[in-house]
Number of protein chains: 4
Amino acid sequence: MNSYINDQIEVFKERNQNRGRLLVSCPDQPGIVSTISKFLFSHNANIIESSQYSTNPEGGTFFIRIEFECPNLKDKAKEMEIQFAEIASAFSMDWNLTHVYNVKKAAIFVSKELHCLLELLWEWQSGDLMADIALVISNHEDARSVVESLDIPFYYIPANKDIREQVEEKQLQLLEEHDIDLIVLARYMQILTPKFVAANPKKIINIHHSFLPAFIGARPYERAYERGVKLIGATSHYVTNELDEGPIIEQDISRVDHRDHVDSLKKSGRSIERSVLARAVKWHLEDRIIVHQNKTIVF
Amino acid sequence: MNSYINDQIEVFKERNQNRGRLLVSCPDQPGIVSTISKFLFSHNANIIESSQYSTNPEGGTFFIRIEFECPNLKDKAKEMEIQFAEIASAFSMDWNLTHVYNVKKAAIFVSKELHCLLELLWEWQSGDLMADIALVISNHEDARSVVESLDIPFYYIPANKDIREQVEEKQLQLLEEHDIDLIVLARYMQILTPKFVAANPKKIINIHHSFLPAFIGARPYERAYERGVKLIGATSHYVTNELDEGPIIEQDISRVDHRDHVDSLKKSGRSIERSVLARAVKWHLEDRIIVHQNKTIVF
Amino acid sequence: MNSYINDQIEVFKERNQNRGRLLVSCPDQPGIVSTISKFLFSHNANIIESSQYSTNPEGGTFFIRIEFECPNLKDKAKEMEIQFAEIASAFSMDWNLTHVYNVKKAAIFVSKELHCLLELLWEWQSGDLMADIALVISNHEDARSVVESLDIPFYYIPANKDIREQVEEKQLQLLEEHDIDLIVLARYMQILTPKFVAANPKKIINIHHSFLPAFIGARPYERAYERGVKLIGATSHYVTNELDEGPIIEQDISRVDHRDHVDSLKKSGRSIERSVLARAVKWHLEDRIIVHQNKTIVF
Amino acid sequence: MNSYINDQIEVFKERNQNRGRLLVSCPDQPGIVSTISKFLFSHNANIIESSQYSTNPEGGTFFIRIEFECPNLKDKAKEMEIQFAEIASAFSMDWNLTHVYNVKKAAIFVSKELHCLLELLWEWQSGDLMADIALVISNHEDARSVVESLDIPFYYIPANKDIREQVEEKQLQLLEEHDIDLIVLARYMQILTPKFVAANPKKIINIHHSFLPAFIGARPYERAYERGVKLIGATSHYVTNELDEGPIIEQDISRVDHRDHVDSLKKSGRSIERSVLARAVKWHLEDRIIVHQNKTIVF
C-alpha cells in the first residue's frame, strides 16, 4: 500500500482507538435498550449514534446498532465481549461487537469493465472508504496497471466455467492468506459456486446492472432497451446461491428515454453502478448492515 | 361540466384556434424535414416546437412531432390534410394532423382507490390537463360524490369476471355515445377482454403500481416488501392484450427502506402513481407520444 | 368534521391509547440513554422506535426521540411526567412527553392559490395526516366551498397591511377558541407581525416557493426564470420574525429547462410545494422535529 | 497522449468524418426551418437530430441545433459555410457550423482538490468525453502524477492575487500555443481577471459548489451548514465577470440532514460537483449549448 494511504489509515486508527460498534438482533421484548445502555454506561461508554428497528413490537425481531466511545477500549474489548455474552444469552441475541480500530480487510474481484473498481479505489484514496484493500483478483489483465500503481497486490487468475473449481481454490487460498473480511464483486463476470459462497456467508457484495427483480441474469441493458423502459438501475446485494436473489443493500435508477440505445444505457448505467456499489461497500465497512432472512436492515 | 372549467376550456380553444400538431413516422431517408417544412411554410405556418428522432439514420424509422401556428387553421385544416396525404403517400408515412382547438374527450375508469382519479381531476381543474372529461365509469360507488360535484356524469357498472362481456358492452356503448378519444384506467381493478382492447387501440392508458417489468400482475407492493427492495415505483403504459406488457409511457420511483411495511409502501406508492399517470395522460393529450412496435417515443 | 374522517380519527385514537413519545434535548454526557431507558422500562414501556443525535459527543447537545408503547398510558401519563421531571432537571433537559391519543389541533391559513390546502385535505382524508383540522382561515373566499364540503369551519377574514393588527386579533382569538397546536401557512400571502409570531413559537409552518436561501421574498419563480436556473424548489420552515429565515424543515426540487417560462415553472413548482409542505406537517404532527437554534433535527 | 486514448480518438474521427452540426439563433419568423432543411437537403445531408426552441413565436428569438450526416463533408465543409453565410445574412443569424471530425481542444485548470479533474479524466478515458485534453494547468503540484501518467502535459504555475497578471499571461500564452477551444475550471480556486475572461468568451466553464444563486462566493458548504439546509448542490456555468453570475449550464442537488457536518456535506458535494461538471463539459463538446443573454439553451 502506498505511503499516503497508509498514513490516512494510521490517522483513522489513531482517531478511532476508543470507538466501538455493537450490532444486535433478537426477539423483541421490553428491557433490551435499557439493559444494553446500562451495560455500556457501566463501562463509561458514551453512545455516539444509535439506531433501532423492530419488525413488530409484539413478538417480532428487534435490531439495534450502537456506535460508542469508550476510554481504553483496546484494553477492555475482550472483557466487554465476555460480559456482553451473558446479556446476549439471556435475550437470545445474535450480536457483534467491533472495534473500529481494526480496519476491515477487503478483496476486490473484477473482470474487464473497470468503472466500479476505479470508483472504489478513488473513494478509498479520498478517505471515504476506510478499508485495507489487501488484493485485487481478476480473470483479465486490464486492471493490473492501475491496481499496482497504488501498491495493491494484483492477481491474474484466468477463469471459465470448465476450470471453476481450480480457480476458486486459488482464490480461497488467497483470501485466507490475507485474512479477508469482505469480498467485493466489482463487475466480476463469473458465477461463484455454492462452495465458494458457503465459505463466505454475508461477506460477498455484488453489483447487478439492473433494478432487481427486473432483468435478473445476463444482458440486463439489452433487455431494458428491448422492453422500452424509461428508467434503468443498479442493485448491490449480498451474494447467495440464488442468482441475483440475495439480500438487497442498495438500489438506484436514472431516467432514460427513447433516444437511448443500448450503448448509452450502459454509459448512464455505469454511473449508477459506481455509486450504488460504493454506498453498499461503505455501509458494510461501517457495520451498518444487518441481514435478516432475505432482507437487509441498513442503519 | 361546471361553468368555471367550461370557461377555462373556452379560453383554451380560443387561444389555440390556429394551433396544429403534426405527428409522422416513416422509413428514414434524406429530405423528409425539408419536404414537411416546405409544406408548412407554403401554408404560412410558423413552427413553434419540433422534435425528431430516428432509430437509425441508415434504414431506420424516422419520427417527428411539429407544433405550428397557422392563420385560419380552422378553414384550412381540411385542405391541408388532403395535400399532406400526397406527401405522406410518397414517403410511406403514418401520420396524424391534429387541430388543438378540438379538445380531446376522455373517460376515466376507477374502482375503490381514488387517489389517481383525484389527481387527474385536480390537475384538470387547475387547467394543467386540457381535456373534456366526458364521463367516469366505476365498478364501485366510492367516486360518485366527488365526480358529480364537478358535474361530470358518473356511471356505476358493477363488474366481476363472470359478467365481463355484459359489463364491457355497456362500457363500449357509453364510450361510443360520448365519442371518447382516451380511456384512462385510474386504478381500475378489472381485466379488460381482448375485444375491448382491440376496439381501442393505443387509446387506453393504465397505471401499474410497480416499476415494470418488476412485479408484473397482482399485489406488487406485497411482493416488493417480500423481496426487500430499496425502491418502489409506478409505470404508466398503453394497454395491450399482454398483461402489463404494453408500451411504457412513463415510470418513476421513490426510495424506501427496511422500516417500510406494506402499508407505508402503498402510501408512498400512491404519490408516485398519481404523478406518473398524470404525466402520461398529459403527454397523450398534447399528442406527444408515438407508439412504435412495443415502445413509445415521447417528444 | 364529517363522519367518515371522524371514524378514522376514533380508530386512530383507539389504536394509540398506549402510545407515547418522548423528545429530549440536553447537554451531552454519558448515561442519558441508560437513564431514560431505565425509566421507561420501570413503567413497563416497550421502546418501538428511537433516534438520537449529538452535535458533538464532547460537550455538544444531545437529542433523542423515543416512541414507546406503555400499558395503561392514559392513567399513568401524569405520574410519568412528574417522575421524568426529576430526571430532566438532573440532566438540564428540554423535554416533551406526548400522548399520541391526544390528536393535535391544526389551523390552516390560505389565500387564493389552493393547491397546498387541497393536498393537505387530501392526505388528511386518506388518513396520512393525523390531525384535527379545526378551522381554515382565509383572506379570500376561494377555498370556502371545498372546506365546508368537508364540514370544516371556514373563516373569511379580509386582510391587507393597513388592517393587519385587527385581522390578527380576530385570528388569534379563533386560534385560542379552538386550542390550536399547529398553524399551517398553505400559501397564505400575508406577512405576520412579530406579535403574532411571538404568540405561536415553533408552531407556525410556512411553505416558501423556492429552495432557500435562494430567492428569499417575493416572486421567486419570476426571479428563477430571470436567473436561468435549471432547478426550482420549495422549502417548508418554521416561521420566525426574519422573513424566510426560520428553521428549515424540508426542501425539494424539480428539474426545469430553457423551454420553461414563468407559468410552467409555477405549475411544476406547485407539485413540489404540495409534497414538501405535506411532509413537514406530517413530521410535526408525529413529533419528529426538534428545533435547535436556527436548525431542525428531523427524526 | 497515451496510445490507447489516441486510438479511441482516431476511431471517433473516422466514424464522424461526415458528421456536422449547425447551431443557429436569429429573430423568429416563418420559413427558417424550411430554408435550413432545404439547404441541407441540397447537399444530400441527412438530418440525424434536430432540436429547436423559440422564446416567443411572435417576435422572439429562434434557436435550432441540427446534427447531420453529409457525404464527403470534409471536402464540402468550406463551400457549405460560404453558401450558408448568405442564408444567415438574410435571416440575421448568429450561427456556427462545426465538423465533428475536428475534435475540440480543452485545457483543465485545477488547484488542490482533484475530484472534478479525476472525473473528467475518467470519463475521457472511457470515451464518454470526446476531447483532446491538451494540457492541465495548476497552481499546485498535487495533480501532476495522475496527469502525467496519462501523457497529458502538466504545467505548474504558482498563483496568488499579487501576481495574477503575470500568471495569466503565462496561461494565455499556453492556451494560444495549444489552440484551446474550451477551458474547464475543475475547482480552480483563483479568480480570473476581466482581461482573461474577455479573451475567452463563452469558452470557460466553472463548477460552483452550491445550487446558485444560493451561497454565491466563498465557503458555500460552511454556509449551507450554518443555514441548516436539507439539500446541497452544485452548479456549472460559463464564466463572466460577475462572480458566480454567468449563464447556468447544469445544476443538481443531493439530500442532506441534521446529521451532516461540514465535512460530510463536502463529501456528498464532491459527487454532485463531479457529475454536474462532467455533464456540462460533455454538452459543450457536443455543441449542445447556445448562450442567449445570461441563460443557456441546452439542446
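All chains are named by letter (A, B, ...) in the order of the sequence lines, taking the proteins before the strands, and each is independently numbered beginning at 1.
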Who wins among B/His237, B/Arg223, B/His292, B/Glu250 for the most heavy-atom pairs under 4.5 Å with chain A?
B/Glu250
When rounded to the nearest 0.5 angstrom, what distance separates CG in B/Asp257 from OH in A/Tyr53?
8.5 Å
Using non-hydrogen atoms and a 4.5 Å limit, figure out which bit of A/Ile216 sits close to chain B: side chain, backbone, both or neither.
neither
Indicate yes or no: at least one non-hydrogen side-chain atom of A/Arg227 is less than 4.5 angstrom from one of B/Glu245.
yes
Under 4.5 Å heavy-atom distance to chain B, tell me which part of A/Thr296 shows up: side chain, backbone, both or neither.
both
Are more than 12 heavy atoms from other residues, nucleotides or ligands located less than 6.0 Å from atom NZ of B/Lys203?
yes
Which atom pair, heavy atoms only, marks the closest approach of B/Gly228 to A/Ile248?
O-CB, 3.7 Å
Indicate the atoms forming the closest heavy-atom contact of A/Ile253 with B/Leu231, along with that distance.
CG2-CD1, 3.7 Å
Spacing of B/Lys230 atom NZ and A/Asp252 atom CG [to the nearest 0.5 Å]
13.5 Å
Donor-acceptor contact below 3.5 Å, side chain B/His258 vs main chain A/Val298
yes
Name the option with the most non-hydrogen atom pairs under 4.5 Å to chain B; the candidates are A/Gly246, A/Gly233, A/Ser54, A/Ala224.
A/Gly246
What distance do B/Asn56 atom CG and A/His261 atom NE2 have between them, rounded to the nearest 0.5 Å?
10.5 Å
Side chain, backbone, both or neither of B/Arg255 within contact of chain A (heavy atoms, under 4.5 Å)
side chain
Return the NZ to CD distance between B/Lys295 and A/Glu226, rounded to the nearest 0.5 Å.
7.5 Å
